[in-house]
Amino acid sequence: MKKELPKAYEPSKYEDGIYKKWEESGFFNPDNLALDKKAKSYAVSMPPPNVTGTLHMGHAVMLAVEDILIRYHRMRGYRALWVPGVDHAAIATQTKVEKSLRGEGTDRHKLGRAEFLARVNKFAQESRDTIVNQVKKMGSSCDWSREAYTLDETRGRAVRTVFKMMYDDGLIYRGERVVNWCPRCRSTLADDEVEYKEQKAKLYTFKYSDNFPFTIATTRPETKLGDTAVAVNPKDKRYKKYIGKVYEVNFCGAPLKLKIIADRKVDMNFGTGALGVTPAHSATDWIMAEENGLNIVKVIDEHGNIREGFGEFSGQDARKAREMIVKKLKENGLLRKEDEIDNNLSVCYRCDTPIEPLPSLQWFINVNKKIKSRGNKSIKELSIDAVKKGVFGRDKIRIIPERFEKNYFHWMDNLRDWCVSRQIWFGHRIPVWYCGGRDKGRCLPACENPIVSAETPEECPHCGSKDLIQDESTLDTWFSSGLWTFSTLANSPDQIKIENDGSPGAGKKLVVDSEDFRTFHPTSVLETGYDILFFWVARMIIMTTYAVGDIPFQDVYLHGLVRDAKGKKMSKSLGNVIDPLDMIKKYGTDATRLSMVIGTTPGNDMNLSEEKVAGYRNFANKLWNISRYIITNSKLKTKSAKPRLKAQNLTDADKWILEKTGNLIDETTKDLNNYAFSQAGERLREFTWNDFADWYLEVSKFEKNKEKNAILVYVLESLLKLWHPFMPFVTEKIWEEMENDKMLIVEEWPRGDERLCACAAGDNFELIKSIITAIRNARAENKVEPTKKIKAVIYAGKREKLIESRAELIKNLRTRISDLEIKGGGPKIKDAIYVSAGEIDIYLIGAVDKEKEKERIKKEIENLEKVIKNAKIKLGNDEFVSKAPEKVVNMEKDKLKKAESELKKLKNN
RNA sequence: GGGCGCAUAGCUCAGUUGGCUAGAGCGUUUGGUUUACACCCAAAAGGUCCUAGGUUCGAGCCCUAGUGCGCCCACCA
């Protein structure tokens, strides 16, 4: 049964083949797992990568963690499902295609909607293919037969169905608001799609006209053409007398009617303490206008230009108009001051264009309206309760790490109505139609009402007109991804239905009429980066609790961001991006995955360096070589999953490694249940390299007995199983080399309680280890020639028999002892190196370097004296002795006793 | 302005309900070709656990204040 394996593990040789084998096995699909009906289900929805290009390190972490969870649960006998998919990422994708169109000298308007969309879809398709390929490279064991796309037909049906439900419940409404408008994208942006940039800005202090009594300050003089009021703080003595008065002024040629109003939000210390209110171009001013019944004058249009009716300014770009107005104010002696101030400019998160707040007719989701059929709670309240105390009879959604719950609540508390319409073409078209008949004077007023429907209506329900016009806008991309956990469990559009939910309020709920939905929803865990807690996680909770009347997932696991080795954010412009595919190519997928998972904790950012990945490549190779050694040297055919071992045949080392293996299984299982991936990985590494390879394997070279073969194979197989979720490729490859029929991916997870023998290891092998280590140490410190064989005498006291039986190990494990004498005790030996291991005295004869030896002994004495001093202080403290638990006190006493006896011996020698 | 986090070896980080002579990997130093592995083996050096108080028999861990760094939210007219 001798086999030859290559000396070094080369990931690139095997990975694709292994992935193919898994795929062909069908085990990614839980339907193909040999499970009984009672098997619990475990489901994860993959956060769909955007179809804007390629995967980055963030995706690599996500895939590594989720694959660990899925493989672990699959091995535990769960019906484990991981649903993959991609996100159409409306604005991001459209922007990307528009950019390439610009390179071709054309744009979307020239192409027209249909052709443009064809281009975007083609790009999205190509992007999807790349991504799927990369996801596979990461070893992801997701079920491709269930792959979904946020913009496919089934997901589209879910989107339109939920939109209609919300519309019918009065949650979706159309209204005019000041929205964040990107003049470049020519679309609205949600509040959280706006980014802020620190910059210097000019603050102009001026008078509207000579007949206005005081000055105001602004950074945007051009918008002052639309001022309808001036706001001051009610407490501000300077302006109290003006409150309520109305001034008619001529501002650079524009006649303005300005009412002086009081508002607490006005900061008395900023500028002049007086603020020109421009309802149409500032969200806060809009609110003031609503409260004070002010007129709204729109100044800037959707291209960022000054609208008609403002004389010479009309048609000018806002920035140009600003210059013109400043110039004019100067000429008229109205400009009093120009100050440089720090300013936060709001810009579009996609294209960096400055945002233009504009009033616009948009679709909104009301987050505060109470919903009868959901316990008379608003979607905001439902979403808070889902995390705070649990809803619909479910446990509360657990966020890991817990501290992010605070962020979640804070965000939810401050949530305002969500603007869901976007003026871009790529995305789910809003399922609203208008009757064309109304414009032709037919059938008013009924036809004023928009037609909202999950399916494209054939005719106007009011007048039968077939002349229907669909709303031009599309939906915010998060609307569709908010439905992801349940929409992906529908296999076809017709499974998505609205049913009466039987509540007293006769409410409706969305039902996915599929076996998948019944089996896998709510999903078990949602794993993603903390940066999209609000963007996405919160939205899924909102949409699912409302539409389905259930939670989308039970746990939320948030990973940190991947930064470069110096802690900088990876970005193309900084050129510090590490491409996961490069790492895979160079070091293998397993190494890449390990470096994503070990040395990091949830919610904390990680710094990634290539050296780290290389380190885990080394580890994969170590595991390979451990296996290579065992495979070549053991009789594999004698193995069985649980060999029966006779306690009387086992050596101390055998018992030691078996006990450690059992503990390792228990601890790893516990860690994985607690999402403690890093801890599990470190523990496994420590065991594999230090305990198993450096000790047990070495021992097995010198200590032969009947059971060695079975134990080596058993421990290795246990390790391969425990490591499999982390490093699926090497482990599967080795498993195959071990001539297993079944693939590792569906092997049963080991159980710590099924110990191979009920024998306790005690400290026997630890003692042997410490003797060997002590000898190695003494040799090195004394600079004994490495090849020089020396004689050793051990005074073993009560352990004479034990040590005698392990003499071979002590002589051979890198100690170079030619002659070993073991006795119960004896006189101290002169001119020898003296070391002690517990109660054992060891003399190394014929190699002593007196100076070095003195130094070493001195150092050791110092250490012991430190220990003794500390222990004495503690034990001398009555309060410690009386208040500390007995166990701790005894530990301390024990420590002191041992140290004192060692010290005595050292001083005597 | 509001909130969250981080600070432990040269570097990157662990440190679970307080019980430590404070750990790991990388790097460094010394030595090594040994029944798998130089992507290796053996040994070692390296720490005021940010500062100052407090609670406690006992603090890296809990509390208060401060310093430095990072992030998120709101927003500056």
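Lettering follows sequence order; numbering is per chain, from 1. Computed from a predicted structure; not experimentally measured.
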For this session: Could you check whether A/S678 gets within reach of a base, just the sugar-phosphate, or nothing at all, counting any heavy atom under 4.0 Å?
Result: nothing
For this session: Map A/T601 and A/K406 onto RNA chain B by nearest heavy atom, then report which one ends up closer to the 5' terminus.
Result: A/K406
Exercise. Does the B/rC37 base have a donor-acceptor partner in the side chain of A/K622 within less than 3.5 Å?
Worked result: yes
Exercise. Would you say A/R628 reaches B/rC37's phosphate, i.e. side-chain N/O to OP1/OP2 under 4.0 Å?
Worked result: yes
For this session: Assign A/D694 to base, sugar-phosphate, or nothing according to its heavy-atom contacts below 4.0 angstrom with the strands shown.
Result: sugar-phosphate
Exercise. Using a cut-off of 4.0 Å on non-hydrogen atoms, how would the nucleic acid contact of A/K887 be classed: base, sugar-phosphate, or nothing?
Worked result: nothing
For this session: Please evaluate the base of B/rA38 for a donor-acceptor partner in the side chain of A/K7 within a cut-off of under 3.5 Å?
Result: no
Exercise. Any donor-acceptor pair under 3.5 Å joining the side chain of A/E698 to the base of B/rA36?
Worked result: yes
Exercise. Can you find a donor-acceptor N/O pair under 3.5 angstrom joining the side chain of A/R403 to the base of B/rC4?
Worked result: no
Exercise. Heavy atoms under 4.0 Å, any strand shown: does A/K704 hit a base, just sugar-phosphate, or nothing?
Worked result: base
For this session: Describe the nucleic acid contact of A/V881 in one word from base, sugar-phosphate, nothing, applying a heavy-atom distance below 4.0 Å.
Result: nothing
Exercise. Which part of the nucleic acid, if any, lies within reach of A/L697 when heavy atoms closer than 4.0 Å are counted: base, sugar-phosphate only, or nothing?
Worked result: base
For this session: Using a heavy-atom cut-off of under 4.0 Å over every strand shown, decide if A/G599 touches base, sugar-phosphate, or nothing.
Result: sugar-phosphate
Exercise. Cation-pi between A/R776 and A/W695: NZ/CZ under 6.0 Å from ring centre and within 45° of the ring axis?
Worked result: yes
For this session: Identify whether any heavy atom of A/R779 sits under 4.0 Å from a base atom; if not, whether one sits that close to sugar-phosphate; answer base, sugar-phosphate or nothing.
Result: nothing
Exercise. How is A/S282 classified with respect to the nucleic acid when contacts are heavy atoms under 4.0 Å: base, sugar-phosphate, or nothing?
Worked result: nothing
For this session: Starting from the 5' end of RNA chain B, give me the residue, A/T284 or A/P885, whose nearest nucleotide shows up first.
Result: A/P885
For this session: Return the nucleotide paired to B/rC6: Watson-Crick means purine N1 to pyrimidine N3 with N6-O4 or O6-N4, wobble means G-U with N1-O2 and O6-N3, both under 3.5 Å.
Result: B/rG68
Exercise. Is any side-chain N of the basic residue among A/R628 and A/E737 closer than 4.0 Å to the acidic one's carboxylate O?
Worked result: no
Exercise. Should A/K224 and A/D227 count as an ion pair when the cut-off is N to O under 4.0 Å?
Worked result: yes
Exercise. Looking at A/Y629, is A/K701 sitting on its ring face, NZ or CZ under 6.0 Å from the six-membered ring centre and within 45 degrees of the normal?
Worked result: yes
For this session: Answer yes when A/E855 and A/K858 have at least one side-chain N-carboxylate O distance shorter than 4.0 Å, and no when they do not.
Result: no
Exercise. Looking for any heavy atom pair under 4.0 Å, which part of the strands does A/A676 touch: base, sugar-phosphate only, or nothing?
Worked result: nothing
